[in-house]
Student: 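I have a structure I would like to understand better, so I am pasting it below and will then ask my questions one at a time.
Just so you know, these numbers use all the heavy atoms, side chains as well, and skip hydrogens, waters and symmetry mates. All values derive from a computational prediction rather than experimental measurement. We name chains A, B, ... by the order of the sequence lines, and we start the count at 1 in each one.
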There are 2 protein chains.
Amino acid sequence: MITLTERQSLILKAIVRDYTEGGNPVGSKALVQELPMKVSSATIRNEMAHLEDLGLIVKTHLSSGRMPSIKGYRYYVDHILKPEKVDNKDLKVIQHSLGGEFHKIDEIVAQSADILSQLTSYTTFTLRPELKHSRLSGFRLVPLGNHQVMAILVTNNGDVENQTFTIPTDITGDELEPVVRFIDDQLVGLPLQDVLAKLQSEIPLKLAHYLQNPDGFLDIFGSVLSKAASERFYVGGKLNLFNYTSKQDPQEMRSLYSLLDQTDHIADVIGPPGQHIQVRIGNEITNDLLKDYSLITATYDVDQHGQGMIALLGPTAMPYSRMIGLMGAFQRELARKLLDYYRYFDE
Amino acid sequence: MITLTERQSLILKAIVRDYTEGGNPVGSKALVQELPMKVSSATIRNEMAHLEDLGLIVKTHLSSGRMPSIKGYRYYVDHILKPEKVDNKDLKVIQHSLGGEFHKIDEIVAQSADILSQLTSYTTFTLRPELKHSRLSGFRLVPLGNHQVMAILVTNNGDVENQTFTIPTDITGDELEPVVRFIDDQLVGLPLQDVLAKLQSEIPLKLAHYLQNPDGFLDIFGSVLSKAASERFYVGGKLNLFNYTSKQDPQEMRSLYSLLDQTDHIADVIGPPGQHIQVRIGNEITNDLLKDYSLITATYDVDQHGQGMIALLGPTAMPYSRMIGLMGAFQRELARKLLDYYRYFDE
DNA sequence: TTTTAGCACTTAACTTAATGGAGTGCTAAC
DNA sequence: GTTAGCACTCCATTAAGTTAAGTGCTAAAA
């Protein structure tokens, strides 16, 4: 367990700030100007040597200034940093952007990714509260003619999922009636995850009473259901990658960029909803492609409707204090907005 | 009007080929090896000086080798190049990729962009045959509860467009019945563009007979209709940009990349369906961001179902001969596949 | 008239050397 | 414990020199 004196702590803090703002290693003379106490550069050099022994700062070469190491950022984030109170202008932007009328939760969550990426100039990810916790409130099968049927699934929160299927024979509404009625009777009102579970077990059996050949229908229902229950990350500010990346190898940029298109990989990186705000720095991120970046994740809570996440990807040298403050504010505003939304549908 | 001797033509051709393959300016000595006739490097130098006077090739500095100018590429494409017969393996890939079962035209067209970008390692755009020519074959309004209604529009070609609306009051199927019947009576069977036209003129009046307050419904119908009739480009191989771009300025990459996300800008660049295969080189493209690239566009024809387009964006130094051959083949295969698809739905 | 050999010339790209500046570690004095 | 002073290290920049590729031009050959 590392313990720093007050002065060492101030020095580390100043190095983090300077390096984040200027992008260049910081020397002892520059620090003389900035520290609140009056000490000589030689003293600072002594302290810096100590910080380096502890592994909190590093040199790029024997006679260069210092920059924070991963461990240094870690210490800074854990013990020094105070979340900055969110800028009033930024708060206004958030509230205004979330203030409009939305027709779907996914729109709110998707837009959130965009707002956050604009505010930060970094790349953001958002995850809606898990749909599994929503309840099935309706299922429709609409024959469209031309051998096509559209399946529509509705939840109590107003989420709508639909999919069109091509089927061998033309079907009229009357033929589908008993199936839809079966679902209304047996499954409406249950959380989607329970419906999913039942689909594996008792539904096929029961459905056999209503339909001669239930397989085709089960495929359709299962497909829409799992599409609805699957989690989707929205990505904002993909293009911002160009602003903060240090890479110039096009191939590396390419793999990075393609990572952002793969929801499952993003899910691995960001992990399940957890406690409050978490900062992962450099190689603490479980993906080698991101080992030169930092990731701030925050879980937001919408009461009985479950939890969602927002996340921010940026350079290791980012203004953590401001970012953490911003994430906190956003987290609160988003949760509030979603609560409002759910309340509207619960009426 | 430029006319070249046989030998000059061969030299220009060789310069284009060498420069495309190697990426470096081509010198007179290298050409001695490659030309079919035996001439000295001095003779080639004389010919090259002439080609330079005509503006077909340029030097990067006083004593460098030559590379083709835009004008040089233009001449090459117009007068020298012969489309390469498409590689048998590539043809197999195309046929196999388009051979599967598709449920929607948009899937076929979207997948086409991906296949083409894989085959070429460049970036591709595809545009489906204009939906305006399709006929309205059905319209449904499905009440979903929770103040929501889904509007579904179906065409005779199996295209389905749907959109969910939130409305102030809950509505039952019975109330919508007359509206849907009105549409079935009056509009089904007409091309979408005619429906669009009528929506501006006679429909509002007629609808007033069926509904007290037709405005809300007209908004919904109009919205789905215009969403269906709007053209959409599919983009394939966005990431391939990293392979062939010469830019390393991240800001420029950024604007380029964001251009690919804007369907309307792409439409401007690629232009309306035209004649067969067209090659635009460098500043012949009407967008300054693309002035260092080349664009090959091809229009494909699906008989009475209208025309669509495929397009290819790559470096000015691209193997035009192979690419034009490939575009031709793809154009034919895609048209055939779509004809099959339409035939299936016309049954 | 066309082609070619030969040569002087140009330029980019690379290598080497020289210089200045920022910053460090260490020592000895305060 | 702190500081002034100094030798030392390394990067960055500039300057100079070298090489290789390629050209244009001239005069001779075909």
Student: Show the atom names and distances, to 0.1 Å, of all donor-acceptor pairs under 3.5 Å that link a side chain in residues 262-270 of chain A to residues at least two apart or in another chain.
Tutor:
none

Student: Restricting to ring pair (Phe, Tyr, Trp, His ring centres under 6.0 Å), what partner residues turn up for A:Tyr320, sequence neighbours left out?
Tutor: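 If we apply the ring pair (Phe, Tyr, Trp, His ring centres under 6.0 Å) test to A:Tyr320, skipping adjacent residues, the hits are A:Tyr73.
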Student: Got a sec, which residues hit salt bridge (Lys or Arg N to Asp or Glu O under 4.0 Å) with B:Asp261, two or more places apart in sequence or on another chain?
Tutor: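 With sequence neighbours excluded, B:Asp261 shows a salt bridge (Lys or Arg N to Asp or Glu O under 4.0 Å) to B:Lys238, given in chain and number order.
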Student: Could you tell me how far apart B:Glu47 (CD) and D:dG22 (P) are, to the nearest whole angstrom?
Tutor: 19 Å
Student: Provide the full list of salt bridge (Lys or Arg N to Asp or Glu O under 4.0 Å) pairs with a residue in residues 49-72 of chain A, sequence neighbours left out, each pair given once.
Tutor: A:Glu52-A:Lys59, A:Glu52-A:Arg66
Student: Search all heavy atoms of B:Ala113 against all heavy atoms of B:Thr124 and return the closest pair with its distance.
Tutor: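 Closest heavy-atom pair between B:Ala113 and B:Thr124: O-OG1, 2.6 Å.
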Student: Between which nucleotides of DNA chain C, 5' to 3', does chain B make heavy-atom contacts below 4.0 Å?
Tutor: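 Terminal contacting nucleotides, 5' to 3': C:dT3 to C:dA12.
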Student: Show me the side-chain donor-acceptor pairs of residues 23-40 of chain A shorter than 3.5 Å, one per line, residues at least two apart or across chains.
Tutor:
unit_1: A:Ser28; atom_1: OG; unit_2: A:Arg45; atom_2: NH1; d: 3.2
unit_1: A:Ser40; atom_1: OG; unit_2: A:Ala42; atom_2: N; d: 3.3
unit_1: A:Ser40; atom_1: OG; unit_2: A:Thr43; atom_2: N; d: 3.3
unit_1: A:Ser40; atom_1: OG; unit_2: A:Thr43; atom_2: OG1; d: 3.2

Student: According to ring pair (Phe, Tyr, Trp, His ring centres under 6.0 Å), who are the partners of A:Phe233, at least two apart in sequence or on a separate chain?
Tutor: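 Ring pair (Phe, Tyr, Trp, His ring centres under 6.0 Å) check on A:Phe233 returns nothing, list empty.
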Student: Just to confirm, is there a sub-4.0 Å distance from OP1 or OP2 of D:dT3 to any side-chain nitrogen or oxygen of A:Thr43?
Tutor: yes
Student: Which parts of residues 48-70 of chain B get close to DNA chain C, meaning a heavy atom less than 4.0 angstrom away?
Tutor: B:His61, B:Leu62, B:Ser63
Student: Holding to salt bridge (Lys or Arg N to Asp or Glu O under 4.0 Å), I want the full list of residues that pass it with B:Asp292, two or more places apart in sequence or in another chain.
Tutor: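 For B:Asp292 the salt bridge (Lys or Arg N to Asp or Glu O under 4.0 Å) partners, ignoring immediate neighbours, are B:Lys247.
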Student: Rounded to whole angstroms, how far apart are CZ on A:Arg45 and P on D:dT9?
Tutor: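 A:Arg45 atom CZ is separated from D:dT9 atom P by 16 Å.
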Student: With B:Asp90, which residues qualify under salt bridge (Lys or Arg N to Asp or Glu O under 4.0 Å), at least two apart?
Tutor: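 Applying salt bridge (Lys or Arg N to Asp or Glu O under 4.0 Å) to B:Asp90 gives B:Arg322.
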Student: List for me each residue that meets ring pair (Phe, Tyr, Trp, His ring centres under 6.0 Å) alongside A:His79, sequence neighbours excluded, and say none if there are none.
Tutor: A:Tyr75
Student: Expected output is a numbered-order residue list: members of residues 13-23 of chain A with a heavy atom under 4.0 Å from any atom of DNA chain D. What is it?
Tutor: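 Those residues whose heavy atoms fall under 4.0 Å from DNA chain D, taken from residues 13-23 of chain A, amount to none.
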